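Just so it is clear, the model here is predicted, and its values are computed rather than measured. Position 1 is the first residue of the sequence; numbering continues from there.
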Amino acid sequence: MRENSNILKIQSQDNVAVALEGLKKGDVCVLDNESIQVLENIPFGHKIALKDFAENEKVIKYGYPIGNTSKVIRKGEHIHTHNLSTALSEKEDYTYSAKEISKSDEISEKLYFRGYLRESGKVGIRNEIWIIPTVGCVNKTAEYLAQKANEDYAGMTDGFFAFQHNMGCSQLGEDLLRTQKILKGLVTHPNAAGVLVVSLGCENNNLEEFCKTLGDISSYRIEFLQVQESWDEYEEGMEKLGKLAKLAAGDKREKIGLEKLIIGLKCGGSDGFSGITANPLCGRITDFVTSQGGAALLTEVLEMFGAEHILMRRAVSETVFCQITKLINGYKEYFQRYGQVVYENPSPGNKKGGITTLEEKSLGCVQKGGTSPVEGTLEYGENPQRGGLYLINGPGNDQVSCTNLTASGAQMILFTTGRGTPFGAPVPTVKVSSNSELSRKKGRWIDYDAGQMLCKEPV
């Protein structure tokens with residue numbers, strides 16, 4: 001038998017703790033001067049019972065319920081999918097309670113970053129040329145142009161990038177409009193010093209239709225190429241890219257106030273430590289950026305279920321409270337329309353990493369939003385009009401979420417992970433690991449190891 005204190009209780013009211021290393025049957029853990037005998041093997045990142053549970057009793061983690069026991073559980077046993085079930089309902093009624101939201105109007109020390117101020121008033125942290133297809137039919141054309149431009153115009157910009165997709169045709173109504181709004185967000189993104197929009201010519205999202213969504217783009221450097229109308233689309237495309245590259249080559253970084261920074265927040269491949277290390281760390285960054293007048297964007301609506309009440313309490317007004325309610329219930333209704341349950345999450349990888357229910361996943365996920373007041377909600381492609389924390393409509397899918405964040409103006413994304421992923425968005429995607437083992441194993445994927453916080457390293 002070995003004595004082991006490597007378990008962590010997050011909040012004083014919790015009745016489970018998290019294993020900081022793999023626990024063996026017969027180990028004795030010490031917590032709050034109390035000995036707890038481990039009754040079965042418990043993997044790293046998983047939960048151990050701190051008390052005896054009756055059937056259908058609430059399990060508390062992060063200070064909130066994460067589900068109900070499905071059977072009797074003894075103190076020292078492993079708590080996971082075999083004995084814990086979600087308590088989420090299909091739809092809930094929410095009540096607004098007016099309260100004082102603490103917001104600091106005074107900035108003690110104004111801070112800056114070095115960025116590219118665009119004619120539109122937006123600020124980029126990269127000076128790239130983006131090639132945006134209006135339809136998937138011209139993906140390869142865009143890819144070839146980016147490859148050739150990186151060869152011919154090397155060193156003039158931070159690079160040429162083609163962002164391919166499979167949309168733009170065989171779409172109607174709201175479906176097509178959503179695609180157009182997302183593409184508009186990319187076309188007008190400040191990380192791009194210039195943009196070449198490449199169209200086939202016969203698609204639903206042809207240039208004439210797409211420009212209606214684009215609106216006034218006179219303050220942006222944008223060139224258009226319709227390949228069906230061009231005698232040589234490669235020659236014409238390279239000529240237009242060369243023109244954009246010359247303009248970009250004259251751009252210089254300058255001192256910019258932090259109020260112009262927009263960060264996106266995303267977690268993917270979460271584990272039992274995501275809500276303990278990486279996500280709270282990003283929450284501290286969110287609070288810091290918003291206190292300076294900058295904006296932070298939180299998406300993955302599905303992964304707010306079970307923790308939405310925390311965000312609702314921080315709504316700056318009843319109007320914003322109603323927006324959040326509509327966002328949450330609207331997404332639940334979407335699931336129900338197609339006969340799907342709203343709580344069919346976490347993913348297999350999340351469960352292997354120690355997350356059991358959607359409530360548990362959500363309570364860890366929303367910590368990326370820190371303690372900042374919620375200023376509002378955004379639909380696909382909408383940009384924040386001022387600083388603060390915003391909730392964006394969208395699923396938990398990594399690719400869709402990161403595209404949403406980019407289209408809503410995030411110049412960079414803080415992406416936390418406990419299982420690991422090499423995925424990157426069109427903007428710099430900073431990978432933050434929740435545990436040090438992942439950082440050691442996948443050092444080429446991970447930019448920052450938040451697992452150091454488990455060793456009591458200062459935030």
Side-chain angles (χ1 to χ4, degrees), residues 4-23 29-32 36 42-50 59-67 78-80 84 265-287 298 300 303-304 306-307 310-311 345-347 349-371 396 414-421 430-442 446-459:
N4 192 326
S5 60
N6 278 343
I7 60 174
L8 173 69
K9 184 166 74 168
I10 302 168
Q11 297 292 340
S12 60
Q13 60 267 51
D14 291 356
N15 52 27
V16 294
V18 179
L20 300 180
E21 62 179 39
L23 303 176
C29 298
V30 179
L31 183 69
D32 298 332
I36 302 166
I42 300 178
F44 167 73
H46 285 236
K47 295 174 289 297
I48 182 173
L50 298 180
V59 174
I60 308 297
K61 183 182 177 185
Y62 301 111
Y64 295 95
I66 60 169
H78 181 203
I79 293 185
H80 199 33
L84 175 63
L265 303 161
K266 174 73 181 82
C267 50
S270 300
D271 72 348
F273 294 112
S274 293
I276 300 172
T277 58
N279 289 350
L281 177 61
C282 288
R284 291 283 291 272
I285 296 170
T286 293
D287 291 343
L298 183 67
E300 304 173 280
E303 292 169 24
M304 298 174 191
I310 298 173
L311 298 169
N345 203 320
S347 69
N350 296 152
K351 293 175 182 177
K352 190 173 181 180
I355 298 175
T356 307
T357 63
L358 182 51
E359 299 101 299
E360 181 180 7
K361 187 175 184 180
S362 296
L363 286 165
C365 178
V366 299
Q367 293 195 50
K368 298 191 301 293
T371 61
L414 301 181
F415 190 119
T416 67
T417 181
R419 306 292 295 169
T421 172
V430 180
K431 295 289 172 58
V432 183
S433 68
S434 66
N435 65 83
S436 297
E437 182 181 351
L438 172 61
S439 183
R440 288 191 293 268
K441 181 180 179 181
K442 290 295 186 182
I446 302 301
D447 298 292
Y448 187 81
D449 173 22
Q452 299 171 88
M453 293 168 63
L454 294 175
C455 301
K456 311 302 182 186
E457 288 292 325
V459 174

### Message
Atom CD of residue position Glu437 - does it have more than 12 heavy atoms of other residues, nucleotides or ligands inside 6.0 Å?
### Response
no

### Query
Is any side-chain N of the basic residue among Glu303 and Lys368 closer than 4.0 Å to the acidic one's carboxylate O?
no

### Task
Could you tell me which residues satisfy salt bridge (charged side-chain N to carboxylate O under 4.0 Å, His left out) with Lys431, sequence neighbours excluded, listed by chain and number?
none

### Query
Is the side chain of Ser347 donor-acceptor paired with the backbone N or O of Asn350 at a distance under 3.5 Å, no angle test?
yes

### Message
Would you say that Glu359 contacts Lys61 through its side chain, given a criterion of any heavy-atom pair below 4.5 Å between the two side chains?
### Response
no

### Message
Would you compute the distance between atom CG of Leu438 and atom OG of Ser433 and round it to the nearest 0.5 angstrom?
### Response
5.0 Å

### Query
Counting distance only, does the side-chain N/O of Asn6 pair as donor-acceptor with the main-chain N or O of Leu20 below 3.5 Å?
no

### Task
Can you spot which of Asp14, Ile355, Ile42, Val16 makes a side chain to side chain contact (heavy atoms under 4.5 Å, CB included) with Lys47?
Val16

### Message
Looking at Lys352, I'd like to know if its NZ atom is crowded, meaning that more than 12 non-hydrogen atoms belonging to other residues, nucleotides or ligands lie closer than 6.0 Å.
### Response
no

### Task
Side-chain contact test, heavy atoms from C-beta onward, threshold under 4.5 Å: evaluate it for Thr356 versus Ile79 and give yes or no.
no

### Task
Could you point out which residue of Leu281, Leu265, Thr371 forms a side chain to side chain contact (heavy atoms under 4.5 Å, CB included) with Thr286?
Leu265

### Message
To the nearest 0.5 Å, what is the distance between CG on Asn435 and CZ on Phe44?
### Response
4.5 Å

### Task
Return the minimal non-hydrogen interatomic distance between Ile7 and Ala19, and the atom names on each side.
CG2-CA, 4.3 Å

### Query
Side-chain donor-acceptor pair under 3.5 Å between Asn279 and Ser274, yes or no?
no

### Query
Under 3.5 Å, is there a donor-acceptor pair between the side chain of Gln367 and the main chain of Gly275?
yes

### Query
Can you find a pair of side-chain heavy atoms, one from Leu298 and one from Met304, that are under 4.5 Å apart?
yes

### Query
Ignoring hydrogens and geometry, is there a side-chain-to-backbone donor-acceptor pair from Thr416 to Val432 under 3.5 Å?
no

